[in-house]
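First up is the structure itself, then whatever we jot down about it.
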Amino acid sequence: MKVLLIHADYIEYKAKSKTRVAEEIPEELKSQRGEEVLVAFVAVEKADEAAPEEAVGKGIEEIESVFKEVKAKEVMLYPYAHLSPSLSNPEVAVRVFRGLEEGLRGKGYAVKRAPFGWYKAFELRCKGHPLSELSRQITVGEAKEKERVSKAVAAEKKLRSEWYILDPEGRLTPAKEFDFSKEPGLRTLYNYETAGTRSAAKEPPHIKLMKEHELVDHEPGSDPGNLRWYPKGTMIKRLLEEHVTGILLNYGAMEVETPIMYDFAHPNLRKYLDRFPAKQYVVRSDEKEYFLRFAACFGQYLMGHDMTISYRQLPLRLYELTHYSFRREQSGELSGLKRLRTFTMPDMHTLCRDMDQARKEFLNQYKLAMGWMRDLGVEYQVAIRFIKEFYEQNEEFAKTLVKLIGRPILIELWEERFFYFVMKFEFSINDALEKAATLSTVQIDVENTERFGISYVDEDGSKKHPLMLHASISGGIDRNLYAILEHEWMKAQKGERPMLPLWLSPTQVRLVPVAEEHLGYCEGLLAELEVQGIRVDLDDGSSTLEKKIREAEMEWVPYIAVVGGKEIESGTLTVRVRREKGKQKKFTKEELVATIKEEVRAKPFRRLPLPSRLSQRPTFR
RNA sequence: GCCGCCGUAGCUCAGUCGGUAGAGCGGCUGAUUCGUAAUCAGCAGGUCACGGGUUCGAUUCCCGCCGGCGGCUCCA
């Protein structure tokens, strides 16, 4: 007998039509609702036919123990054939159900029962706490094996890990014994990973910045964790997206697009979802339910399943910018741009022939991620996590990775493999509140190609399951902006001038005429710079020069060019250069263009996201 | 999700020991045309998040709810 136990806020079912094995039922059983309920989905199996009474007894025992543990108010027994591939005959099944119902009722519990052998529509809301989803295998006869999968157990297993620091000289030191005095950032990461944080309860500064700069805002008209992006924020987001996509296409990935929602009932997906706690948005379409993807994995797995692949074609890379991924994080976990329910993330899957090839790919992708972090201009920490056994076989590889970074990194070793991967790296940043957030990550997956039936034909003509790398070179795009803003805020605290990287600055050059009579000349300059592919705008308002400069500074404009009689006469530009603490420098137009072009080299470009005349711009908040 | 704190004009905030509100910025109008971080004056903006309750009267007190932030939990 298989039992799936769900602790739910409510369940509601409606009997729709009979199957061939339907029992006759009174009217009141055709539709029922239970609240604060432990729902027991039960499938009676062939093996139970040998001893139905024993199955009933053990079933009651299991349901009762969970019922007490979760403190539910009532039980809903729900015949659910789909739990087992080898069902008992209907007569035995009905006997077992009656036995369970009467037995539990006899112990004084409030019991409801859904009818056997009917097609039923049902709706339930799982509470989602650690014990709210449990499955039990009840075996009659001598074998008395219990199966128990739950978040709580998962968390326990995950905790069984050891922490080390690996330095560029190849020394592996237990983290507890490591001298962090020269590695404050690594210490912050380690503390965060192992102890959480004890820092003061403050709002992360990027939230204020993202609003003040009219980049991103909360959208009260949506579900929490779904944000509103203003033109400047949208431009930044697009540039990040285009850049990471460009990097991956250049690297040889094939870009694809896959659906954002998937059928709960699809057998392969079901298997995968069973392994992870429910954290999905659910979408209804007619009578079916779909979940919104939390990464591009599903679409790419299903595509990979149908592909014919030769070993000659490996490594093979599929890429999608998941615009969007959805994760229904608990409401209390949401935070600004750091933790969202709807976010954008590049997701690449690389199929590899063997571990040698996988390591080589992993290394390449690790380098791509290093390049990405450099382009963002933020400081980052490196953590590499391994299954212990895998680490022992790959110590030299680990040393190669740390050497590339050139400073110590955090190593976590898991006793056993609970997840589907044997190793992964994570590049993370520490924010102003000393919390860590992962950006880039790559994992070596040894499990899912088999689960999803992805295979290639090897040299000898046999079908094999490849290894698969999951790569998110930038990590969540939204989170990248969080990283930049937090980083710039911390810079400002140290007395430096915060600014966005030039390639991401909505305005790169602001023209500020000294007086109205210089406006015409500025218009000409504006057109000339625009043609050169510079994001340039013009403050044509009626306020004073000083005020215009103040406002440009507060907007973090990297180059502010004041244009008056002197500039018109000499044909040069006097520019406040933000990166050089607002120092005024003289440029010719050509020099300014060349300077900017050099600074944004190899980065994508988008035109100014707002009207070029400031007087034409609305306020967004 | 649980617990705590918060929600007053477009923004940042003050205020009302219960008698339906005020500043600065922004916006609009006018004056000023200015050489590197805030020119001056006037005007228009508010169901005090939302829904109930108590009260002669609620923005204020109580309950609920929505949203935000933090802590816990979580983070495939």
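Chain A is the first sequence line, chain B the second, and so forth, proteins listed ahead of strands; every chain is numbered from 1. Here the structure is a predicted model, which means the values were calculated and not measured.
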Between protein and nucleic acid, restricted to nucleotides 31-40 of chain B and to nitrogen or oxygen atoms under 3.5 Å apart, what atom pairs and distances do you find?
{"unit_1": "B:rU33", "atom_1": "O2", "unit_2": "A:Glu516", "atom_2": "N", "d": "3.1"}
{"unit_1": "B:rU33", "atom_1": "N3", "unit_2": "A:Glu516", "atom_2": "OE1", "d": "3.1"}
{"unit_1": "B:rU33", "atom_1": "O4", "unit_2": "A:Glu516", "atom_2": "OE1", "d": "2.9"}
{"unit_1": "B:rC34", "atom_1": "N4", "unit_2": "A:Ser542", "atom_2": "O", "d": "3.3"}
{"unit_1": "B:rG35", "atom_1": "O6", "unit_2": "A:Gly565", "atom_2": "N", "d": "2.6"}
{"unit_1": "B:rG35", "atom_1": "O6", "unit_2": "A:Lys566", "atom_2": "N", "d": "3.0"}
{"unit_1": "B:rG35", "atom_1": "N1", "unit_2": "A:Glu567", "atom_2": "OE1", "d": "2.9"}
{"unit_1": "B:rG35", "atom_1": "N2", "unit_2": "A:Glu567", "atom_2": "OE1", "d": "3.1"}
{"unit_1": "B:rG35", "atom_1": "N2", "unit_2": "A:Glu567", "atom_2": "OE2", "d": "2.5"}
{"unit_1": "B:rU36", "atom_1": "O3'", "unit_2": "A:Arg576", "atom_2": "NH1", "d": "3.3"}
{"unit_1": "B:rU36", "atom_1": "O2'", "unit_2": "A:Arg576", "atom_2": "NH1", "d": "2.9"}
{"unit_1": "B:rU36", "atom_1": "O2'", "unit_2": "A:Gln584", "atom_2": "NE2", "d": "3.3"}
{"unit_1": "B:rA37", "atom_1": "O4'", "unit_2": "A:Arg550", "atom_2": "N", "d": "3.3"}
{"unit_1": "B:rA37", "atom_1": "N7", "unit_2": "A:Arg576", "atom_2": "NH2", "d": "3.3"}
{"unit_1": "B:rA38", "atom_1": "N9", "unit_2": "A:Arg550", "atom_2": "NE", "d": "3.3"}
{"unit_1": "B:rA38", "atom_1": "N7", "unit_2": "A:Arg550", "atom_2": "NE", "d": "3.1"}
{"unit_1": "B:rA38", "atom_1": "N7", "unit_2": "A:Arg550", "atom_2": "NH1", "d": "2.9"}
{"unit_1": "B:rA38", "atom_1": "N7", "unit_2": "A:Arg550", "atom_2": "NH2", "d": "3.1"}
{"unit_1": "B:rA38", "atom_1": "N6", "unit_2": "A:Arg550", "atom_2": "NH2", "d": "2.3"}
{"unit_1": "B:rA38", "atom_1": "N1", "unit_2": "A:Arg550", "atom_2": "NH2", "d": "3.0"}
{"unit_1": "B:rU39", "atom_1": "OP1", "unit_2": "A:Thr544", "atom_2": "OG1", "d": "3.2"}
{"unit_1": "B:rU39", "atom_1": "OP2", "unit_2": "A:Thr544", "atom_2": "OG1", "d": "3.0"}

Classify the angle between the aromatic ring planes of [X] and [Y] as parallel (below 30°), tilted (30 to 60°) or perpendicular (above 60°).
{"X": "A:Phe427", "Y": "A:Tyr366", "result": "perpendicular"}
{"X": "A:His470", "Y": "A:Tyr301", "result": "perpendicular"}
{"X": "A:Tyr262", "Y": "A:Phe298", "result": "tilted"}

Rounded to the nearest 0.5 Å, what's the gap from CD1 on A:Ile236 to CG on A:Leu500? Could you check?
-> 5.0 Å

Expressed as a whole number of Å, how far does the [atom1] atom of [N] sit from that of [M]?
{"N": "B:rG70", "M": "B:rG53", "atom1": "P", "answer": "35 Å"}
{"N": "B:rA49", "M": "B:rC11", "atom1": "P", "answer": "13 Å"}
{"N": "B:rG45", "M": "B:rA21", "atom1": "C1'", "answer": "13 Å"}
{"N": "B:rC25", "M": "B:rU59", "atom1": "C1'", "answer": "24 Å"}
{"N": "B:rU54", "M": "B:rG64", "atom1": "C1'", "answer": "15 Å"}
{"N": "B:rG7", "M": "B:rC13", "atom1": "P", "answer": "10 Å"}
{"N": "B:rU20", "M": "B:rG57", "atom1": "C1'", "answer": "10 Å"}
{"N": "B:rC50", "M": "B:rU8", "atom1": "P", "answer": "10 Å"}

For RNA chain B, write out the stems as range with range, using runs of 3 or more consecutive Watson-Crick or G-U pairs with both distances under 3.5 Å.
-> B:1-7 with B:66-72, B:10-13 with B:22-25, B:27-31 with B:39-43, B:50-53 with B:61-64

For [X] and [N], give me the distance from atom [atom1] to atom [atom2], rounded to whole Å.
{"X": "A:Lys435", "N": "B:rC69", "atom1": "NZ", "atom2": "P", "result": "11 Å"}
{"X": "A:Asp431", "N": "B:rC75", "atom1": "CG", "atom2": "C1'", "result": "14 Å"}
{"X": "A:Tyr192", "N": "B:rU73", "atom1": "OH", "atom2": "P", "result": "11 Å"}
{"X": "A:Ile444", "N": "B:rA76", "atom1": "CD1", "atom2": "C1'", "result": "17 Å"}
{"X": "A:Leu469", "N": "B:rA76", "atom1": "CG", "atom2": "C1'", "result": "16 Å"}
{"X": "A:Arg328", "N": "B:rC75", "atom1": "CZ", "atom2": "P", "result": "16 Å"}
{"X": "A:Glu333", "N": "B:rA76", "atom1": "CD", "atom2": "C1'", "result": "13 Å"}
{"X": "A:His7", "N": "B:rC2", "atom1": "NE2", "atom2": "P", "result": "13 Å"}

Select base, sugar-phosphate, or nothing to describe what A:Arg339 touches, counting heavy atoms under 4.0 Å on all strands.
->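 Here A:Arg339 touches the bases of the nucleic acid.
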
Counting any heavy atom closer than 4.0 Å, what does A:Gln443 reach on the DNA or RNA strands: base, sugar-phosphate only, or nothing?
-> sugar-phosphate

Closer than 4.0 angstrom, basic N to acidic O: yes or no for [X] and [Y]?
{"X": "A:Arg621", "Y": "A:Glu212", "result": "no"}
{"X": "A:Glu553", "Y": "A:Arg578", "result": "yes"}
{"X": "A:Arg451", "Y": "A:Glu447", "result": "yes"}

Atom CD of A:Glu580: over 12 foreign heavy atoms under 6.0 Å |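 For A:Glu580, atom CD is crowded (more than 12 foreign heavy atoms under 6.0 Å).
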
Short heteroatom pairs, N/O only, protein and nucleotides 63-68 of chain B, under 3.5 Å:
{"unit_1": "B:rG68", "atom_1": "O3'", "unit_2": "A:His218", "atom_2": "NE2", "d": "3.2"}

Is there a side-chain polar atom (N or O) of A:Ser331 under 4.0 Å from OP1 or OP2 of B:rG1?
->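 For B:rG1, OP1 or OP2 has a side-chain N or O of A:Ser331 closer than 4.0 Å.
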
Look at A:Thr438 and B:rC75 and indicate whether a side-chain polar atom (N or O) is within less than 4.0 Å of OP1 or OP2.
-> no

Listing time: all N or O pairs from protein to nucleotides 8-11 of chain B that are below 3.5 Å?
{"unit_1": "B:rG10", "atom_1": "O2'", "unit_2": "A:Arg621", "atom_2": "O", "d": "3.3"}

Distance-only, no hydrogens or angles: does the A:Glu488 side chain make a donor-acceptor pair with backbone N or O of A:Met499 under 3.5 Å?
-> yes

Sidechain-backbone polar pair: A:Glu214 side chain, A:Phe620 backbone, donor-acceptor under 3.5 Å = yes

Applying salt bridge (Lys or Arg N to Asp or Glu O under 4.0 Å), name anything that partners A:Glu333, two or more places apart in sequence or on another chain.
-> A:Arg339

The single option from A:Leu511, A:Asp539, A:Leu573, A:Ile549 passing side-chain contact (heavy atoms from CB on, under 4.5 Å) against A:Val562 =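 Running side-chain contact (heavy atoms from CB on, under 4.5 Å) over A:Leu511, A:Asp539, A:Leu573, A:Ile549 with A:Val562 returns exactly one hit, A:Ile549.
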
Is the Lys NZ or Arg CZ of A:Lys388 less than 6.0 Å from the centre of A:Trp414's six-membered ring, within 45° of the axis?
-> no

Only counting residues at least two apart or in another chain, list the ones meeting side chain to side chain donor-acceptor pair (under 3.5 Å) with A:Ser335.
-> none

Are A:Asp217 and A:Trp229 close enough that a side-chain donor and a side-chain acceptor fall under 3.5 Å?
->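 There is no such pair between these side chains.
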
Nearest nucleotide by nearest heavy atom, which residue falls closer to the 5' end of RNA chain B, A:Phe298 or A:Pro204?
-> A:Pro204

Using the purine O4'-C1'-N9-C4 or pyrimidine O4'-C1'-N1-C2 torsion, is B:rG71 syn (within 90° of 0) or anti?
->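 Glycosidic conformation of B:rG71: anti.
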
Only one of A:Arg613, A:Lys232, A:Lys548, A:Arg617 clears salt bridge (charged side-chain N to carboxylate O under 4.0 Å, His left out) with A:Asp537; which?
-> A:Arg617

